[in-house]
Amino acid sequence: MIMFYIVLPIVVFAFVRFLVALFNYLTQPYLRKYPLKSPSSVSVLIPARNEEANIRNLLTDLQSQTYGSIEVIVYNDSSTDGTRQVVEEFVKTDNRFRLINGQALPDGWLGKNNACHQLALLAKGDYLLFLDADVRVQNDFVEQTLAYMQHKKLHLLSFFPYQVLGSFGEAITVPVMQWILLSLLPLKLVTWSRYSSLSAANGQMMMFKAEIYRKHRFHEMFRNNPVEDIVIARYVKRLTYRMATLLGLPGDIRCRMYVSGNDAIEGFSKNVCEFFGGNRKVMFVFATITTLGPFAVILFMPFPMIFIYFFSVLMARIMIADLSKQSVIKSVILFPLQQMSFIQMVVRWEKNRRDGTLMWKGRKIV
C-alpha cells in the first residue's frame, strides 16, 4: 500500500501531461491567415556563422516573398567558409539585401546575441524578424506573420518550425524537444496568461514590434545568456507585453536543425534545462520519472492505474507527433530511443555545467 501512494504521483503526472497535450491538440497552435491592417515595413535580420550550406536557400525564399516592403540584413559573424560570398551574390542583384561583416566579438557577449543586437541597430523596419540561417519559409510567410501580429496586437511572435528529419539520428533526438514542450506547456496560454512561467520562444524565428525592441534592446540586455530566446520571452511577459508562440507547418516555416543525432544532442544540451525553468532539480526529477516511471507503475500499481498511465503516455505521444506533423507510427516505435537521447542531453548538460564549458560553432559559450 505504501508503494501505491509513492507511485501514484507518477500516474497523475502522466495524466496531466496527457491533458496538456490534448489541450494543444484541440487548440491547434498554428499560424492563422488574416488580412493586413496596415502596410508596415519589415526588417528580416539573419545572424550567420559558417552557414554556407544553408543560407542560400533562405535568401532565395526571402527574395520571392509576396510582401514587398522588406529589407534583408545578414550579419556575417566571422565565418570561415563561403557564407560571405553567397550573401554577396544576392546583395549585387537585389537592393533590398545588405551584408554586414562582423568585427571581433566584444567582451561579455555571446556571438549570436551580439549579431542580433548589431542587426537591430541597423534595421529600419516597423517590425524586426529574426531568422536563423538554416530555416526555410514559404513565399507569403512575411506577409502572413505580419498580418497575424497586427490582428492579435502582438509585440512578439515566435515559432517552433516544422522539423525536417533527414536521418535516423535526428529522428531519435529532435522530436524530444517537441515532446517536452507540448506535454508541459499549453501554448495558447503563452498569449492568454500573464504568468511569465507560461512562456516559450525559439530563436530560430522571433518577430518583434520594432518600437518595443528598440526601447528595451533585448539581446543587449541578455548579451551573455546562451538561451536568450527563452529569457527574452519571459521578460516580455513580465513587462506585460502581448506575445504568442506557434508551431510551424511544412507550408509556412521549416528547418533541419542538425544533420546527425550527435549534433542534436550537443545542440540541445545547451538549453535543455531551460525547458524546466532553468531548475536542474526539476529537470532531473522529470528525467527520472519519465525513464523509470513505466517500471514502477507495472511493478506496484493495479491494472486500472497501469492502463491510465500507459494510455496517457501513448496518447500524448500520438497527439504530439501529429501536432508536429511527424510520423505517428515512428514516434511510438522510437519512443524508448528518444527517451535515451533525452537522458544523454541531461547528462551532457550536467557535465558541461560542472566543467564550466560549452562550445558551439567553435566558440565557448559557457
Side-chain angles (χ1 to χ4, degrees), residues 43-52 54-55 58 71-81 83-84 87 98-125 127-135 155-156 158 196 199-239 241 257 263 266-275 278 348-349 352-366:
S43 296
V44 184
L45 309 175
I46 307 169
R49 179 173 169 83
N50 295 335
E51 294 287 356
E52 178 185 9
N54 298 309
I55 198 166
L58 175 58
E71 64 172 352
V72 180
I73 311 176
V74 179
Y75 185 92
N76 175 33
D77 188 10
S78 303
S79 297
T80 56
D81 62 0
T83 298
R84 178 177 62 83
V87 179
R98 295 171 61 191
L99 170 65
I100 306 301
N101 287 306
Q103 304 300 314
L105 185 64
D107 291 339
W109 284 81
L110 296 183
K112 183 178 180 181
N113 306 38
N114 177 63
C116 290
H117 175 64
Q118 297 300 328
L119 286 164
L121 291 177
L122 297 168
K124 300 176 181 177
Y127 288 81
L128 308 182
L129 171 55
F130 293 93
L131 292 175
D132 277 4
D134 56 357
V135 304
H155 300 96
L156 168 61
S158 187
S196 61
S199 56
N202 185 347
Q204 291 178 306
M205 186 282 181
M206 297 181 76
M207 189 171 185
F208 295 87
K209 200 168 184 178
E211 62 178 303
I212 299 303
Y213 185 94
R214 293 182 180 123
K215 179 179 179 180
H216 297 283
R217 296 190 174 191
F218 296 111
H219 287 98
E220 182 179 36
M221 186 177 297
F222 301 106
R223 66 188 70 181
N224 63 351
N225 196 309
V227 287
E228 80 293 339
D229 46 6
I230 298 174
V231 295
I232 286 173
R234 291 177 185 151
Y235 189 68
V236 166
K237 290 287 289 287
R238 285 198 293 271
L239 293 173
Y241 293 128
M257 291 181 68
D263 286 346
E266 180 183 354
F268 287 131
S269 65
K270 74 174 183 176
N271 63 2
V272 63
C273 191
E274 291 302 320
F275 277 80
R348 181 76 63 86
W349 181 91
N352 290 335
R353 186 191 71 85
R354 292 187 177 186
D355 295 344
T357 59
L358 181 58
M359 302 294 295
W360 188 246
K361 292 193 174 183
R363 282 179 173 155
K364 182 179 177 180
I365 62 174
V366 172

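FYI, side chains are in, hydrogens and waters are out, and symmetry mates aren't considered; it's all heavy atoms of this structure.
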Next on the checklist: According to side-chain hydrogen bond (donor to acceptor under 3.5 Å, both in side chains), who are the partners of R98, at least two apart in sequence or on a separate chain?
Outcome noted: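 Once residues adjacent in sequence are excluded, R98 has no partner under the side-chain hydrogen bond (donor to acceptor under 3.5 Å, both in side chains) criterion.
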Next on the checklist: According to side-chain hydrogen bond (donor to acceptor under 3.5 Å, both in side chains), who are the partners of Y213, at least two apart in sequence or on a separate chain?
Outcome noted: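 Y213: side-chain hydrogen bond (donor to acceptor under 3.5 Å, both in side chains) contacts with H219.
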Donor-acceptor pair, [X] side chain versus [Y] backbone, under 3.5 Å?
X: S79; Y: N76; answer: no
X: N113; Y: N225; answer: yes
X: T83; Y: E52; answer: yes

To the nearest 0.5 angstrom, please state how far the [atom1] atom of [X] sits from the [atom2] atom of [Y].
X: I46; Y: F130; atom1: CD1; atom2: CZ; result: 11.5 Å
X: C273; Y: R353; atom1: SG; atom2: CZ; result: 9.0 Å
X: I212; Y: H155; atom1: CD1; atom2: NE2; result: 4.5 Å
X: S199; Y: I232; atom1: OG; atom2: CD1; result: 11.5 Å
X: F222; Y: R234; atom1: CZ; atom2: CZ; result: 10.0 Å
X: M221; Y: Y235; atom1: CE; atom2: OH; result: 4.0 Å

Contact check, side chains of [X] and [Y], non-hydrogen atoms, under 4.5 Å:
X: P226; Y: N271; value: no
X: Y75; Y: R49; value: no
X: L45; Y: C116; value: no
X: I100; Y: Q118; value: no
X: L121; Y: R217; value: yes
X: K209; Y: Y241; value: no

Checklist entry - After noting the C-alpha distance and the side-chain angles of L110 and R223, does the key distance pass the side-chain contact (heavy atoms from CB on, under 4.5 Å) rule? => result CA-CA 6 Å; L110 296 183; R223 66 188 70 181; over 6 Å; no
Next on the checklist: If you apply the rule side-chain contact (heavy atoms from CB on, under 4.5 Å), what do you find for L156 with M206, and how did you get there?
Outcome noted: CA-CA 7 Å; L156 168 61; M206 297 181 76; 4.1 Å; yes
Residues [X] and [Y]: side-chain donor-acceptor under 3.5 angstrom:
X: S43; Y: E71; value: yes
X: T80; Y: N50; value: yes
X: E51; Y: N54; value: yes

Item to check | Between F208 and H216, ring centroids under 6.0 Å | outcome: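 Judged by ring-centre distance (under 6.0 Å), F208 and H216 do not meet the cut-off.
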Checklist entry - Taking only residues two or more places apart in sequence, or in another chain, which ones meet F275 in a ring-ring contact (aromatic ring centres under 6.0 Å, His included)? => result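 Not a single residue meets the ring-ring contact (aromatic ring centres under 6.0 Å, His included) criterion with F275.
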Checklist entry - So which of L105, L119, N224 actually passes side-chain contact (heavy atoms from CB on, under 4.5 Å) with N114? => result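 So the option named by the test is L105.
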Next on the checklist: I'd like to know if D132 and K112 make a salt bridge, using a cut-off of under 4.0 Å between side-chain N and carboxylate O.
Outcome noted: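 Salt bridge: yes.
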Checklist entry - Could you walk me through whether L58 and D134 pass the side-chain contact (heavy atoms from CB on, under 4.5 Å) check? => result CA-CA 7 Å; L58 175 58; D134 56 357; over 6 Å; no
